[in-house]
Number of protein chains: 2
Amino acid sequence: MDKPGIPRPTLSRLPLYHRFLAQVSEAGRAVVSSEEMGRALNLPAAQIRKDLSCLAEFGRPGVGYEVAELLANLEEFLGLANDKEAVVVGAGRLGQALASYPGFAAYGLRIVALFDVDPAKIGLEVAERPVFALEKLADLVGRLHIQMGIITVPAAAAQAVADAMVAAGITVIWNFAPARVGVPAGIWLESEDLASHLATLSYHIKRRGRKA
Amino acid sequence: MDKPGIPRPTLSRLPLYHRFLAQVSEAGRAVVSSEEMGRALNLPAAQIRKDLSCLAEFGRPGVGYEVAELLANLEEFLGLANDKEAVVVGAGRLGQALASYPGFAAYGLRIVALFDVDPAKIGLEVAERPVFALEKLADLVGRLHIQMGIITVPAAAAQAVADAMVAAGITVIWNFAPARVGVPAGIWLESEDLASHLATLSYHIKRRGRKA
DNA sequence: TAGATTGTTAATCGATTAACAATC
DNA sequence: TAGATTGTTAATCGATTAACAATC
């Protein structure tokens, strides 16, 4: 269930194309070539053509891609127009920042509630979303058929939260905790893992040597 | 200057090994095998051995890896023990969340100041760090030899901020803005791009079909 | 038509995995 | 020694890139 046919690297580039096309569309352009997209996104034109051919054949040889058509198809393919509802578990600073971020709406994502175990946080409102006790997770997820769970708890609690999400019926998890979490087959997990990225950056700072 | 010899996928896994070894060390274990690490991290043992052999030869055939030694070497290799100083540009919710996150200290990262263009934010304190006017960026970065810049501004401002960071002498940039930014050769850029990950998650929600 | 650009095939590249001799 | 596990070589896999016939 994990191999959908579309290669992961390709899938991860589609949002870039979508974003670029939205800008180009905004600017009133009707047609773009893979060459031009490549220059703007710093990717080889051949890769872009290959990626786009995973969806369908859109382009017209000798002309390029029709912006509106390609944009609409990417939006459809990625499911961006569909309404998606998510809960955030962990109402700390990061959880609050995500719950308050207005940009998610453009992707069809609505965060409907936060959960926490801290009695001081339960009952609060964050950007007009309620903060509930973690025990209420299964009930709310089940009643509202929530599809996505966002984990913003400390590392030590991450696995237990993921397990609770899966048990509640969530099938897509976005994990921000600095911990490796395991999920059963059939559950899609994407981890941000800032700590790992930070370690990578640390390596590159070391390689640069100290400026001075 | 971008190809250091170590493959990017390998580099991105090293922090996982480091984290696992820190846990194992905490638990008092003296030796681990690649097999055991692989089970814990859900990676093939052969891949772990290959990755680790990029650093040096640590393991003892028939025995395994000495936890303390490997941990120390990873820490050294990734430069985690070195002090690193960063500035955050964009003192919104995400910028504040990052500036307040206590976990970065374990990676040697200290955020020394935030910057913003909003007069209402300039002069505030976030987790005991000052918020300065963006114009002051070059001065502070130059005087303190800041190595890392963290971008948490809206997409439209990201490129200008990156340019200002580079001009100020920053060589490693961690970008959280949902925009592709370009940097000159010699500058290391790592982008979180939550929006792209969200688009990927959206695709998988669509594929699951609505639960109901 | 001539010029441009696609979609796709084939060649290249690099990473993952399996297997095993070397070593403790 | 016998059993275990490494480091590395070779085989496999999959993605990127280059080239080009097909098409507008």
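Source: prediction; values computed, not measured. Because only heavy atoms are used, hydrogens play no part in the values below, and waters and symmetry mates are left out as well, while side chains stay in. Here is the naming used below: chain letters follow the sequence lines, and residue numbers restart at 1 for every chain.
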- Message: Filter on ring pair (Phe, Tyr, Trp, His ring centres under 6.0 Å), then keep only pairs touching residues 5-55 of chain A, sequence neighbours left out; what's left?
- Response: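 Ring pair (Phe, Tyr, Trp, His ring centres under 6.0 Å) check on residues 5-55 of chain A returns no pairs.
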- Please collect all ring pair (Phe, Tyr, Trp, His ring centres under 6.0 Å) contacts where either partner lies in residues 156-186 of chain A, sequence neighbours excluded, each pair once.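 Ring pair (Phe, Tyr, Trp, His ring centres under 6.0 Å) check on residues 156-186 of chain A returns A:Phe104-A:Trp174, A:Trp174-A:Phe176.
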Contacts table for residues 52-73 of chain B: side-chain donor-acceptor under 3.5 angstrom, sequence neighbours left out:
unit_1	atom_1	unit_2	atom_2	d
B:Ser53	OG	B:Lys50	O	2.7
B:Asn73	ND2	B:Glu69	O	2.9

- Item | Strand-adjacent residues in residues 56-72 of chain B, judged by heavy atoms under 4.0 Å from DNA chain D |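 The stretch gives B:Glu57, B:Phe58, B:Gly59, B:Arg60, B:Pro61, B:Gly62, B:Val63, B:Gly64, B:Tyr65 as the residues lying under 4.0 Å from the strand, ordered by number.
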Can you name the residues that form a side-chain hydrogen bond (donor to acceptor under 3.5 Å, both in side chains) with [X], not counting sequence neighbours?
X	answer
A:Ser191	A:Asn175
A:Asp118	none
B:Ser196	B:Asp193
B:Thr10	B:Asp51

- Classify the angle between the aromatic ring planes of A:Phe132 and A:Phe115 as parallel (below 30°), tilted (30 to 60°) or perpendicular (above 60°).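 Tilted.
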- Query: Just how far, in rounded Å, is P of C:dT17 from CG of B:Asp51?
  - Reply: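 After rounding, the reported distance stands at 11 Å.
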- Query: Going by heavy atoms closer than 4.0 Å, what residues in residues 12-49 of chain A are next to DNA chain C?
  - Reply: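 Close to the strand are A:Ser33, A:Ser34, A:Arg49.
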- Contact list for residues 28-39 of chain A, test side chain to side chain donor-acceptor pair (under 3.5 Å), sequence neighbours left out: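 Listed once each, the pairs are A:Arg29-A:Glu36, A:Ser34-A:Arg49.
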- Going 5' to 3' through nucleotides 9-14 of chain D, assign each nucleotide B (protein heavy atom under 4.0 Å from a base atom), S (under 4.0 Å only from sugar-phosphate atoms) or - (no protein heavy atom that close). BB----
- Query: So what is the 5' to 3' dot-bracket string for DNA chain C, if pairs are Watson-Crick or G-U wobble with both distances under 3.5 Å, crossing pairs use [ ] and | means the partner sits on another strand?
  - Reply: ..||||||||||||||||||||||
